[in-house]
Amino acid sequence: MMLASYATAPTIILDLALMAILIIVAFSIVRMRSLFAIVMLQGVYSLVSAAWFVSLDAVDVAFTEAAVGAGVSTVLMLAAMLLANRKSDPVPISKQIAPLLVVIFAGLAMFYAIGDMPAYGDVNSPANTGVGMDYIDRTTKEIHIPNVVTAVLASYRGYDTFGEAVVIFSAGLGVLLLLGLNGNAGRWTASPSGQNIYPPMAPSANSRLSVSSDNSKSVTSSAVKEPSSSTTRKSKRKRFKDKGNN
Amino acid sequence: MLSLLLDQYNYAVVIILMMTGLYVVFASRNLIKKLVGLSIFQTSVFLLYITIGKVSGGQPPIVESHGSDHANSETLLFASIGEVDSVAQSSSEVLYSNPLPHVLILTAIVVGVATLAIGLSLVVRVREVYGTIEEDKIEEYDRIYYKEILERQ
Amino acid sequence: MHDPHVILKVISKFLVPFIALFAFYVQFHGDFGPGGGFQAGVILAAAVILYALIFGLDAAKKAFPPSWVRVGMSLGVLLYGGTGVLTWILGGDFLSYGVLAHDPAHGQHYGIIAVELGILCSVTNVMIAIFYAFGSRQPEVDEDNW
């Protein structure tokens, strides 16, 4: 064990506590069936890992993880859950054995490989002696801004970040293509002159599209609600079969 | 085995977390739970990268320089948050953690949430067409669908 | 008229401008402390999302129209790419900011600020776009599942 680790003993205790919380949260996500609880625990997991990132000196990453993982992605998951379902069905034991075996096998293989990894916090590990430390010296000489992460992100690895920006843009584009900015993509709607055209083929889509949140006032709620949920389910199945018959 | 407990426990924890996420992806048949598992797996990979870049007694890679003379890294005075480690004091040079994994993971987190949004919107569309997000039922409906197509031919 | 969420509304109305201000602090202080375009973009989006969660999606769409979102998410990427093209025009390589000013270090500063602004614009608008898309989708959850 390295000498420096003793000097930072309180940090180790904090690290161990955070690791324990992470493992407990992850295991309870495995066992839960209520999607609401699962999504909220995922937010907790992100927040705790953000705390660990601070302890690991990665303040920028912790910032991002706290804002993205615990904030935006939890909100998105809740929104998707509202549109989908509240509970997950139980999985029979017979279908859990094979994944468990695969995971245990992969985990053991990775544990076997741990021996080749550098020690935790090693200054002289290959990762920490290469280009990463070089960036710290070069940033003070060439760019003159204190935050090395920003300098590497925007200048030295500007191509990477450009690629990431394009990926984010295309992901946003993909969501807009799948759902629509006003939430009506794929619902077979069009309003060429202020009135909606619903194809007669999709009755349940027609009935469900009661309020469109388009900011134009022309979209009116045209539909009656289905009387009960079972008929909704049936009509959905019927729609599904109708498409099969085409 | 002792070195694993003392020096490399971070990898052990990260592998356990990673395998938990992978198990959720494999074993659960609910699409949203699968995505949650995927995001646990993803966060564990982030933790793996960041623990590799950690330097014992290091500081966050924010170089604090004084005056207009930034050019010399040897003259940098330490005036940042946190306590000064004994190693850093003795060598009169501040240790910083490796900034490169931070940069990689920083962008990966934001890209991760963007791709998660794609996955979630696909789940929403699946729910609208099939009426369920359980994989077993989706497969069953698919079987009915293709059987009807085959019968018509 | 009785509003059950009056405390939430008052507090969040108070908080939203400060969240936005904090986002800009994170953006422009990103050279000196933790922060940058990605974090600031997400925080700025979170301000709009909080507003939408409390006051409803229609109010949020009045405050931050979807047409801005559509323009903004492409404008951010264009700003990033445009910085690279500008360095081309000034005789440097793609995204080598040293040519943007006489002193290469100052050029790096300008380049980083421009690029981070592009990231801010892109990330904010993509996050808001994703939220609008999910939020304005009409739920099809059956009544007995609620």
Side-chain angles (χ1 to χ4, degrees), chain A residues 1-2 4-5 7 19 22 26 30 35 38 42 49 53 56-61 64-65 68 72-73 76 80-81 83-85 88-89 91 96 99 103 107 110 114 117 119-121 123 127-128 132 135-137 140-141 144 146-149 152-153 164 167-168 171 174-175 178-179 236 244, chain B residues 4 6-8 10-11 13 15 17 19-20 22-24 26-27 29-30 32-33 36 40 43 50 52 54-58 60-64 70-71 73 85-87 96-100 102-103 105-107 109 111 113-118 120-121 123-125 127 131 133-134 145 148:
Chain A
M1 196 171 177
M2 294 178 47
S5 304
M19 290 174 195
L22 282 178
V30 174
L35 284 182
I38 288 173
Q42 187 260 341
S49 60
F53 284 142
L56 292 170
D57 296 340
V59 279
D60 283 274
V61 181
T64 319
E65 178 73 37
V68 170
V72 172
S73 80
L76 289 184
M81 194 194 75
L83 294 171
N85 218 345
S88 68
D89 288 352
V91 181
Q96 290 180 351
V103 163
M110 288 170 81
I114 284 181
M117 296 297 282
Y120 176 49
V123 191
N128 292 341
Y135 282 139
I136 293 179
D137 293 336
T140 50
K141 289 188 191 106
H144 300 183
N147 191 350
V148 184
V149 174
V152 178
L153 183 89
E164 310 279 5
V167 167
I168 292 167
V175 172
L178 281 165
L179 295 181
K236 205 165 287 167
Chain B
L4 191 141
L6 290 180
D7 278 352
Q8 291 155 331
N10 60 322
Y11 302 111
V13 172
I15 287 171
L17 292 174
M19 288 304 124
T20 313
L22 193 64
Y23 177 75
V24 175
F26 280 165
R29 315 294 284 173
N30 185 295
I32 287 190
K33 195 173 175 188
V36 171
I40 289 177
T43 312
I50 300 293
I52 287 176
K54 163 80 176 167
V55 170
S56 288
I62 296 173
V63 181
E64 195 80 22
H70 332 257
S73 67
D85 194 65
S86 57
V87 179
Y96 293 105
S97 287
N98 193 349
L100 189 56
H102 300 183
V103 176
I105 297 311
L106 182 67
T107 51
I109 289 174
V111 171
V113 73
T115 48
L116 176 79
I118 290 266
L120 286 174
S121 53
V123 170
V124 168
R125 293 298 297 272
R127 170 68 171 76
I133 52 169
E134 299 289 335
Y145 180 86
E148 278 179 7

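Letters go in sequence order (proteins before strands), and every chain restarts at 1.
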Considering all heavy atoms, the nearest [X]-[Y] contact:
X	Y	result
A:Gly132	B:Asn98	CA-OD1, 3.1 Å
A:Val103	B:Leu22	CG2-C, 4.2 Å
A:Glu164	B:Val111	OE1-CG2, 2.8 Å
A:Ile136	B:Val63	CG2-CG2, 3.9 Å
B:Ala117	A:Leu76	CB-CD1, 4.0 Å
A:Pro99	B:Phe26	CB-CB, 3.6 Å

Side chain proximity check, [X] to [Y], heavy atoms < 4.5 angstrom:
X	Y	value
A:Gln96	B:Tyr23	yes
B:Leu120	A:Met81	no
B:Ile62	A:Val148	no
A:Leu22	B:Val13	no
B:His102	A:Val152	no
B:Ile105	A:Glu65	no

Given a strict heavy-atom distance threshold of 4.5 Å, which part of [X] is in contact with chain A: side chain, backbone, both, or neither?
X	value
B:Ile52	both
B:Val24	side chain
B:Ile118	both

Reported [atom1]-to-[atom2] distance for the pair [X] and [Y], which is rounded to 0.5 angstrom:
X	Y	atom1	atom2	result
B:Asn30	A:Asn85	CG	CG	7.0 Å
B:Leu116	A:Gln42	CG	CD	7.0 Å
A:Met19	B:Asn10	CE	CG	6.0 Å
A:Phe53	B:Thr43	CZ	OG1	7.0 Å
B:Gln8	A:Ile114	CD	CD1	7.0 Å
A:Ser49	B:Ile50	OG	CD1	10.5 Å

Contact leader toward chain B among A:Asn128, A:Ile168, A:Thr64, A:Val167, where contacts are heavy-atom pairs under 4.5 Å:
A:Asn128
Top of A:Ser73, A:Ala58, A:Ala26 for chain B proximity - count of heavy-atom pairs under 4.5 angstrom:
A:Ala58
With A:Asp57 via side chain to side chain contact (heavy atoms under 4.5 Å, CB included) - residues at least two apart
B:Lys54, B:Pro60, B:Ser97
Bottom line for A:Leu178: the part with an atom under 4.5 Å from chain B's heavy atoms is both
With a 4.5 angstrom heavy-atom cut-off, could you sort out which part of A:Val30 is near chain B: side chain, backbone, both or neither?
both
